[in-house]
Asker: 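Handing you this structure, nothing more for now.
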Protein chains: 2
Amino acid sequence: MTEQSEAARRPLNTDRVLRAAVALADATGIDSLSMRRLAQELGVVPMALYKHVANKEELLDGMADVVVGEIDPPDPDVDWKGAVRQRILSARQALLRHPWASRVIESRTRPTPATLAYLDSMIGMFRAGGLSVDLTHHVMHALGSRVLGFSQELFDDGAPGPDPDTQAAALREMSRRYPHIAEVASRADHDGRSVVGPGCDDQFEFEFALDLLLDGFDRLRRQGWSSTTTQRNHPRS
Amino acid sequence: MTEQSEAARRPLNTDRVLRAAVALADATGIDSLSMRRLAQELGVVPMALYKHVANKEELLDGMADVVVGEIDPPDPDVDWKGAVRQRILSARQALLRHPWASRVIESRTRPTPATLAYLDSMIGMFRAGGLSVDLTHHVMHALGSRVLGFSQELFDDGAPGPDPDTQAAALREMSRRYPHIAEVASRADHDGRSVVGPGCDDQFEFEFALDLLLDGFDRLRRQGWSSTTTQRNHPRS
DNA sequence: ACCTGAACACCGTTCAAGT
DNA sequence: ACCTGAACACCGTTCAAGT
């Protein structure tokens with residue numbers, strides 16, 4: 001499209017690569033985003049990209065972080081439920097602005113820094129609202145794909161992992177940077193087993209959310225709920 | 001792997017192609033499933049596959065249907081809530097057996113026949129349970145990714161669509177085959193506008209489910225809910 | 001009429017040769 | 001030391017040539 005305009009001659013950096021990739025995916029779809037096409041868009045030889053991103057997966061990681069970074073910070077002047085509600089709706093808007101983003105975020109096998117920061121902050125909102133660590137944990141699972149357009153369970157399955165020492169160091173570093181995630185992750189369950197690591201009983205988490213919804217449906221059924229009696233904040237356009 | 005064993009010499013048909021594709025994806029992951037690799041597995045030249053599937057997208061459609069076809073039918077001897085619960089947990093198991101399936105199903109731009117049949121039957125369960133057409137509609141949206149591991153909203157955005165006549169004929173055929181879907185899809189909203197087609201207010205549906213969950217969380221918080229007091233049907237293995 | 005090998009237009013990434 | 005063109009090992013799909 002833009003074939004090496006003057007602007008494209010500026011020296012490359014990771015940020016410029018990422019923003020160009022996001023713009024290209026927005027304009028032409030994620031399927032036509034290739035390293036070669038992106039390089040061409042930047043007026044650069046394909047190999048030049050590999051100095052700023054290790055490979056395509058890392059490019060996609062960075063793109064995911066750009067989108068997650070667009071989510072509004074929490075509003076401190078609202079009660080916890082309202083603040084969580086606003087924030088999740090803001091996340092939804094970010095994903096709607098970049099239709100490719102849900103799929104890219106879902107396909108990440110490791111959480112990216114911006115995603116971790118977002119989750120940490122979200123957990124902090126529940127904790128500040130008075131939810132226990134235990135309840136907050138299951139609540140985060142229950143929101144699941146709703147909180148970001150992806151299921152956290154995808155983050156569990158993974159590579160063999162490094163030796164115990166580096167793992168412990170990584171955990172300390174993680175606790176420092178994301179204290180709320182650490183608090184939830186290190187809770188002990190009622191058997192006394194510590195549940196850092198493999199951790200979550202996915203079947204339990206799935207049923208927790210499923211039953212919350214089914215119970216809610218049943219309550220509405222008994223009340224004779226109808227959408228016509230519900231106020232719509234955002235009328236159909 | 002198997003290089004044209006005797007079994008592979010049997011004449012090809014769509015079913016055998018699909019089952020081989022599912023087996024290959026199960027064994028080696030969806031990323032290494034290519035037309036060429038699949039052909040090799042079947043002891044066949046790549047072009048031979050194109051007599052049984054039009055292209056790779058159609059292959060993926062067929063694979064999605066194989067997985068959806070594995071979901072158990074509803075149990076007629078259980079109340080609606082229990083039956084829906086069982087069925088969704090069965091869907092979850094099917095997806096867990098084929099880790100690639102969620103992503104493939106999510107990436108379909110058009111619903112496949114088995115998916116439509118599953119959704120139709122699921123809607124029928126809610127209707128039989130006494131939920132109104134209106135409530136059932138929003139309930140299906142609320143379950144969203146939970147009902148199948150994908151967000152139905154993905155089905156909305158799409159191609160230009162054929163001329164009105166064929167469209168009307170397709171709608172009649174659809175009503176005959178999937179009566180419950182038709183009933184929900186053709187409901188009139190309170191403005192009197194008929195909402196076949198573009199139809200759903202996604203923002204409303206998203207908030208409907210979000211608020212059901214948030215209200216549920218708040219209720220549990222007030223009750224001092226703890227996971228240790230909750231019976232786990234499926235203890236951690 | 002059917003089948004298929006070769007070819008086309010792409011990929012992501014490696015690597016050795018050039019400056 | 002840095003940069004990059006060519007090459008490698010793949011893709012999905014078309015198409016014309018062979019039977």
Side-chain angles (χ1 to χ4, degrees), chain A residues 1-4 8-18 20-64 100 103-104 106-110 112 159, chain B residues 1-4 8-14 16-64 100 103-104 106-110 112 159:
Chain A
M1 299 196 165
T2 39
E3 30 177 324
Q4 40 208 98
R9 280 267 148 247
R10 293 200 318 269
L12 228 50
N13 59 44
T14 309
D15 206 64
R16 221 157 73 76
V17 169
L18 291 182
V22 167
L24 188 56
D26 284 348
T28 67
I30 194 68
D31 285 337
S32 55
L33 175 81
S34 68
M35 298 297 276
R36 295 168 117 107
R37 181 102 170 61
L38 176 59
Q40 180 187 299
E41 203 73 16
L42 285 162
V44 136
V45 83
M47 276 311 297
L49 297 177
Y50 285 82
K51 202 165 25 211
H52 303 102
V53 289
N55 48 42
K56 192 174 184 183
E57 282 302 295
E58 203 177 85
L59 176 75
L60 293 172
D61 283 349
M63 293 171 69
W100 46 270
R103 252 210 282 168
V104 168
E106 275 170 46
S107 69
R108 299 308 82 206
T109 50
R110 299 275 166 205
T112 55
Chain B
M1 299 196 166
T2 39
E3 31 176 324
Q4 41 208 93
R9 281 266 147 248
R10 292 201 319 267
L12 228 51
N13 59 46
T14 308
R16 221 156 74 77
V17 169
L18 292 182
R19 279 187 293 116
V22 167
L24 188 56
D26 285 348
T28 68
I30 194 69
D31 285 336
S32 54
L33 176 81
S34 67
M35 298 297 275
R36 295 169 116 106
R37 182 101 169 62
L38 176 59
Q40 180 186 300
E41 203 72 15
L42 286 162
V44 137
V45 83
M47 275 312 297
L49 298 176
Y50 285 82
K51 203 165 25 210
H52 303 101
V53 290
N55 49 41
K56 191 173 184 183
E57 282 303 295
E58 202 175 86
L59 176 75
L60 293 171
D61 283 349
M63 292 171 69
W100 46 269
R103 251 211 284 168
V104 168
E106 276 170 48
S107 69
R108 299 307 82 208
T109 50
R110 298 276 165 203
T112 54

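Letters A, B, ... mirror the listed sequences (proteins, then strands); counts begin at 1.
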Asker: Side-chain contact, heavy-atom cut-off 4.5 Å: A:Asp31 with A:Trp100?
Answerer: no
Asker: Does C:dA7 pair with anything, Watson-Crick or G-U wobble, both distances under 3.5 Å, and if so, with which nucleotide?
Answerer: D:dT13
Asker: Any N/O pairs under 3.5 Å between the protein and nucleotides 7-11 of chain D? List them or say none.
Answerer:
unit_1: D:dC11; atom_1: OP1; unit_2: B:Ser34; atom_2: OG; d: 3.1

Asker: For D:dC8 versus C:dG18, give the span between their P atoms, rounded off to a whole number of Å.
Answerer: 16 Å
Asker: If I take atom OH in residue B:Tyr50 and atom P in nucleotide D:dC15, what distance separates them, rounded to the nearest angstrom?
Answerer: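 The distance from OH of B:Tyr50 to P of D:dC15 comes to 13 Å, rounded to the nearest Å.
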Asker: Let me confirm one number: the CG-CE distance from B:Asn55 to B:Met35, rounded to the nearest 0.5 Å.
Answerer: 7.0 Å
Asker: Report the distance from atom NZ of A:Lys51 to atom P of D:dT4, rounded to the nearest whole Å.
Answerer: 7 Å
Asker: Take atom CD of A:Gln40 and atom C1' of D:dT4, then tell me their distance rounded to the nearest Å.
Answerer: 17 Å
Asker: CD of A:Glu58 versus C1' of C:dT13: gap in Å, rounded?
Answerer: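 Rounded to the whole Å, the gap is 14 Å.
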Asker: A:Met47 has an atom CE; how far is it from atom C1' of C:dG18, in whole Å?
Answerer: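 It is 15 Å, rounded to the nearest whole Å.
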Asker: Mind checking the CG-CD spacing from B:Leu42 to B:Gln40? Nearest 0.5 Å is all I need.
Answerer: 10.5 Å
Asker: What distance do A:Leu49 atom CG and A:Glu58 atom CD have between them, rounded to the nearest 0.5 Å?
Answerer: 12.0 Å
Asker: Considering only heavy atoms from C-beta outward, does the side chain of B:Leu33 approach that of B:Arg37 to under 4.5 Å?
Answerer: no
Asker: When the C1' atoms of C:dA9 and D:dA9 are considered, how many whole Å apart are they?
Answerer: 16 Å
Asker: May I ask which nucleotide in the shown strands pairs with D:dC2, Watson-Crick or G-U wobble, both distances under 3.5 Å?
Answerer: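 By the stated definition (distances under 3.5 Å), C:dG18 pairs with D:dC2.
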Asker: Atom CG of A:Leu49 to atom C1' of C:dT14: distance rounded to whole Å?
Answerer: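 Checked: the CG to C1' distance equals 15 Å.
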Asker: Nearest whole angstrom, please: distance from the P of D:dT13 to the CG of B:Leu38.
Answerer: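 Whole-Å distance recorded here is 12 Å.
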Asker: For A:Val44 and A:Leu38, run side chain to side chain contact (heavy atoms under 4.5 Å, CB included): C-alpha distance rounded to whole Å, both residues' side-chain angles, the deciding distance at 0.1 Å, then the answer.
Answerer: CA-CA 9 Å; A:Val44 136; A:Leu38 176 59; over 6 Å; no
Asker: Rounded to the nearest 0.5 Å, what separation is found between the OG1 atom of A:Thr109 and the CG atom of A:Asp61?
Answerer: 7.5 Å
